[in-house]
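Sequence lines set the chain letters: A, B, ... in the order given, protein chains first and strands last, and positions in each chain run from 1.
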Amino acid sequence: MSLAQSLQSQLCSAARQSPLLAKKLHAQIIKAGLNLHEPIPNTLLNAYGKCGLIQDALQLFDALPRRDPVAWASLLTACNLSNRPHRALSISRSLLSTGFHPDHFVFASLVKACANLGVLHVKQGKQVHARFFLSPFSDDDVVKSSLIDMYAKFGLPDYGRAVFDSISSLNSISWTTMISGYARSGRKFEAFRLFRQTPYRNLFAWTALISGLVQSGNGVDAFHLFVEMRHEGISVTDPLVLSSVVGACANLALWELGKQMHGVVITLGYESCLFISNALIDMYAKCSDLVAAKYIFCEMCRKDVVSWTSIIVGTAQHGQAEEALALYDEMVLAGIKPNEVTFVGLIHACSHAGLVSKGRTLFRTMVEDHGISPSLQHYTCLLDLFSRSGHLDEAENLIRTMPVNPDEPTWAALLSSCKRHGNTQMAVRIADHLLNLKPEDPSSYILLSNIYAGAGMWEDVSKVRKLMMTLEAKKAPGYSCIDLGKGSHVFYAGETSHPMRDEIIGLMRELDEEMRKRGYAPDTSSVLHDMDQQEKERQLFWHSERLAVAYGLLKAVPGTVIRIVKNLRVCGDCHTVLKLISAITNREIYVRDAKRYHHFKDGNCSCNDFW
DNA sequence: GTAGGGTTAG
């Protein structure tokens, strides 16, 4: 074998190994004067791309005397691998401006870049699709599979289906992509139908279906399928499906089931797999079992940014802001680079604990030291931090000048802070803005109505009420789910048909009496109907989380934690009530609502009454 | 040199 051939083959394996090895080989290639010897430059470019050295890849590309389709494709792949889809697209613009005609390899990479850019770039995606359609490569099935995936990521599975139907010979990959596309988009019946039709019912197809269902919030269906998959004797030769099932337990906050899945993970021998451990940390944290989450975290021999972020976010969500920040310092010391998700968790922790200057510093660190461009979520966290702590002017300045468009929840959060800090003037200003956005969340209307009422603006109150009436019909019913291990039990607001109805009501009356002795007065400001005070109090009395807690107190093993998941947010009055109940009954109560975690203990809540 | 299934966000 010649030196060139030897270096070439070493490069191919270097691609899968270390950046260091790739650089060493590059040096040897230059020394041997082979840096322009075909196909070495392209192979080197490919190797740099595969091991994440995007800068080196770009430099190398710029120095190439001749740029063939292989070089372009390799460069685009490098951009995709290092998560720089914008870069890929800007490269493609310069590529097209030179009059270069992309081949099927280049198209596949471009489609992937558009997919990674997400739904805001549908237009670019469709343009690439059109160009591909008109090209001599328009029959290529690989590009078609990536198009199906791209449209799924845009939430447009029907466009993907049209591409799928145009494929002449469907293979395992095209089937899997389409099944996953439907499942991720929440189109479960189409996903099921296709899954029953595919000749490739392999682990990939099962994983695509199950994880797609988890991602679209159909965790229960996903779980049933996982059981079916095990019954069919599909061998779990790699653990990707397990992380999805563990994720389903996390989303549903099913602690008992989560523990069982942890058992399955151990049985199948994947407990030391990095991303499975990450999924387990998240699951235990979301099921409010921070002790177990921390145990898994500590036992891991290798931790990546997801492991650290999961434990930081989990800790912060349970009200332990200082500890979350301490974990971040440890993470930095351990040499792990935080990502955009880490900072959402951190700034949120600061907001929770009122650490304004710390949060501001972190935001600056994120942008200046880590080169992360802030997303709406980051601005929302920062805004939350300012407004909760009473820095209302700074908050208003931020919401009006931030470079991303604030959405309804962002304006609503600012508005509720104005209310809490008693700044009526600003509240009305913000309320007018929110009203113009035509809010969809019923709680926004309650907030607006309260603000206008507080300012004596009765015309606006009635305007809001009218809008609210039309919305009322569309409102999702509130329910709470209690996990007793032997299965979970769902309570709907106002439910009166439960077999244990009398016992539940009896206990609730008893608790109500004791609460009133301790000074409890119902806060009916979250009830939206026009009705008298007594009727409003009756409405509150039947909120689903109270029914679930009462049932839990009656049925759960004495002394154990009561775990409840609610689909909507806990109202202010229920929050007060749950704090009182935790003190009266001396029980810990976890409630995960649509937005936050509440750990009630001894009359207090881990959210510090910020929610 | 191109395509499919996985974990972290309020």
Student: Compute the ring centroids of A:Trp206 and A:Phe226, then answer whether they are less than 6.0 Å apart.
Tutor: no

Student: What's the NE2-P distance between A:His129 and B:dT2, to the nearest Å?
Tutor: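 To the nearest whole Å, that distance equals 21 Å.
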
Student: Does NZ or CZ of A:Arg67 fall inside the cone over A:Phe61's six-membered ring, less than 6.0 Å from its centre and within 45° of the axis?
Tutor: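 Yes, A:Arg67 sits over the ring of A:Phe61.
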
Student: Counting any heavy atom closer than 4.0 Å, what does A:Asp384 reach on the DNA or RNA strands: base, sugar-phosphate only, or nothing?
Tutor: nothing

Student: What nucleotide, of B:dT2, B:dG4, B:dG10, holds the atom closest to the side chain of A:Arg596?
Tutor: B:dG10

Student: Atom CG of A:Asp407 and atom P of B:dG10: how far apart are they, to the nearest Å?
Tutor: 15 Å

Student: Under 4.0 Å, heavy atom to any atom of DNA chain B: which of residues 201-211 of chain A qualify?
Tutor: A:Leu203, A:Phe204, A:Thr207, A:Ala208, A:Ser211

Student: May I have the list of side-chain donor-acceptor pairs in residues 235-247 of chain A shorter than 3.5 Å, sequence neighbours left out?
Tutor:
from, atom 1, to, atom 2, distance (Å)
A:Asp238, OD1, A:Leu240, N, 3.3
A:Ser243, OG, A:Leu240, O, 2.6

Student: Would you indicate what A:Asn42 reaches in the nucleic acid, counting non-hydrogen atoms under 4.0 angstrom: base, sugar-phosphate, or nothing?
Tutor: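 Touches nothing.
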
Student: Rounded to whole angstroms, how far apart are CD1 on A:Ile234 and P on B:dG5?
Tutor: 18 Å

Student: Under the salt bridge (Lys or Arg N to Asp or Glu O under 4.0 Å) definition, can you give me all pairs with a residue in residues 173-185 of chain A, not counting sequence neighbours?
Tutor: A:Asp149-A:Arg184

Student: Of all the choices, B:dG5, B:dT2, B:dA9, which nucleotide is nearest to the side chain of A:Lys50 once you look at every atom?
Tutor: B:dT2

Student: Under a 4.0 Å heavy-atom cut-off, which of residues 310-318 of chain A touch DNA chain B?
Tutor: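 Correct list: A:Ser310, A:Val313, A:Gln317.
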
Student: Using the test side chain to side chain donor-acceptor pair (under 3.5 Å), find all partners of A:Thr198 that sit at least two apart in sequence or belong to another chain.
Tutor: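 Partners of A:Thr198 under the side chain to side chain donor-acceptor pair (under 3.5 Å) test: none.
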
Student: Quickly work out the A:Leu213 CG to B:dG5 C1' distance and round it to whole Å.
Tutor: 13 Å

Student: Select base, sugar-phosphate, or nothing to describe what A:Pro69 touches, counting heavy atoms under 4.0 Å on all strands.
Tutor: base

Student: Which nucleotide in the list B:dT7, B:dG1, B:dG5 gets nearest to the side chain of A:Ala279?
Tutor: B:dT7

Student: Any base atoms under 4.0 Å from A:Ser243, or only sugar-phosphate, or nothing? Heavy atoms, all strands.
Tutor: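 The residue A:Ser243 makes sugar-phosphate contact but no base contact.
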
Student: Mind jotting down which residue pairs meet the salt bridge (Lys or Arg N to Asp or Glu O under 4.0 Å) criterion with at least one end in residues 268-285 of chain A? Sequence neighbours excluded, please.
Tutor: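 Found A:Asp282-A:Lys286.
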
Student: Which whole-number value in Å describes the distance from A:Trp411 CH2 to B:dG10 C1'?
Tutor: 18 Å

Student: Could you check, using the six-membered ring where one of them is a Trp, whether A:Tyr328 and A:Trp308 have ring centers closer than 6.0 angstrom?
Tutor: no

Student: Taking only the side-chain nitrogens and oxygens of A:Lys112, find out if one of them lies under 4.0 Å from OP1 or OP2 of B:dA3.
Tutor: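 Result: yes.
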
Student: Which part of the nucleic acid, if any, lies within contact of A:Thr43, taking any heavy atom under 4.0 Å across all strands shown: a base, the sugar-phosphate backbone alone, or nothing?
Tutor: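 No contact at all - A:Thr43 keeps every heavy atom at 4.0 Å or more from the nucleic acid.
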
Student: Under 4.0 Å, heavy atom to any atom of DNA chain B: which of residues 292-308 of chain A qualify?
Tutor: A:Val306

Student: At under 4.0 Å between heavy atoms, what does A:Thr177 touch on the DNA or RNA strands: base, sugar-phosphate, or nothing?
Tutor: sugar-phosphate

Student: For a quick check, tell me whether the side chain of A:Thr77 and the base of B:dG1 share a donor-acceptor pair closer than 3.5 Å.
Tutor: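 Answer no: no donor N or O sits under 3.5 Å from an acceptor.
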
Student: Looking at B:dG4, does its base get a donor-acceptor pair with the side chain of A:Asn171 below 3.5 Å?
Tutor: no

Student: With sequence neighbours left out, write down each residue that passes side-chain contact (heavy atoms from CB on, under 4.5 Å) with A:Asn42, or none if nothing qualifies.
Tutor: A:Leu45, A:Leu64, A:Asp68, A:Val70, A:Ala71

Student: side-chain hydrogen bond (donor to acceptor under 3.5 Å, both in side chains) between A:Tyr151 and A:His129: does it pass, once the steps are laid out?
Tutor: CA-CA 10 Å; A:Tyr151 283 120; A:His129 186 179; 2.7 Å; yes

Student: In terms of side-chain heavy atoms of A:Val70, which of B:dT8, B:dG1, B:dA9 is nearest?
Tutor: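 Of the options given, the side chain of A:Val70 lies nearest B:dG1.
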
Student: Side-chain N or O of A:Asn46 less than 4.0 angstrom from OP1 or OP2 on B:dG1?
Tutor: yes

Student: Once you round it to whole Å, what is the distance between C1' of B:dT2 and CZ of A:Phe105?
Tutor: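 Nearest whole value for this atom pair: 5 Å.
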
Student: Please list, chain by chain and in numerical order, all residues satisfying side-chain contact (heavy atoms from CB on, under 4.5 Å) with A:Arg196, sequence neighbours excluded.
Tutor: A:Arg201, A:Leu225, A:Glu228

Student: Side-chain N or O of A:Lys144 less than 4.0 angstrom from OP1 or OP2 on B:dT2?
Tutor: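 No.
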
Student: Reckon A:His348 touches a base, only the sugar-phosphate, or nothing at all at heavy-atom distances under 4.0 Å?
Tutor: sugar-phosphate

Student: Output all residues satisfying side chain to side chain donor-acceptor pair (under 3.5 Å) with A:Arg66, sequence neighbours left out; order by chain, then residue number.
Tutor: none

Student: Looking at residues at least two apart in the chain, or sitting in another chain, which of them share a side chain to side chain donor-acceptor pair (under 3.5 Å) with A:Asn80?
Tutor: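 Partners of A:Asn80 by the side chain to side chain donor-acceptor pair (under 3.5 Å) criterion come out as none, since no residue qualifies.
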
Student: Using only heavy-atom distances, decide whether a donor-acceptor pair under 3.5 angstrom links the side-chain of A:Ser74 to the base of B:dG1.
Tutor: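 Absent.
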
Student: Separation of A:Arg66 atom CZ from B:dG1 atom C1', in whole Å?
Tutor: 14 Å

Student: Out of B:dG5, B:dA3, B:dG1, which has the shortest distance to the side chain of A:Ser145?
Tutor: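 Looking only at side-chain atoms, A:Ser145 lies closest to B:dA3.
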
Student: Let's see if you can work this out: which of B:dT8, B:dA3, B:dG10 has an atom nearest to the side-chain heavy atoms of A:Ile173?
Tutor: B:dA3

Student: Identify, with sequence neighbours excluded, every residue that meets side-chain contact (heavy atoms from CB on, under 4.5 Å) alongside A:Thr176.
Tutor: A:Ser172, A:Phe204, A:Ala208

Student: Report the distance from atom CG of A:Asn80 to atom P of B:dG1, rounded to the nearest whole Å.
Tutor: 16 Å

Student: Going through the checks in order, is the side-chain hydrogen bond (donor to acceptor under 3.5 Å, both in side chains) test met by A:Asp304 and A:Asn278?
Tutor: CA-CA 9 Å; A:Asp304 68 357; A:Asn278 290 346; 3.2 Å; yes

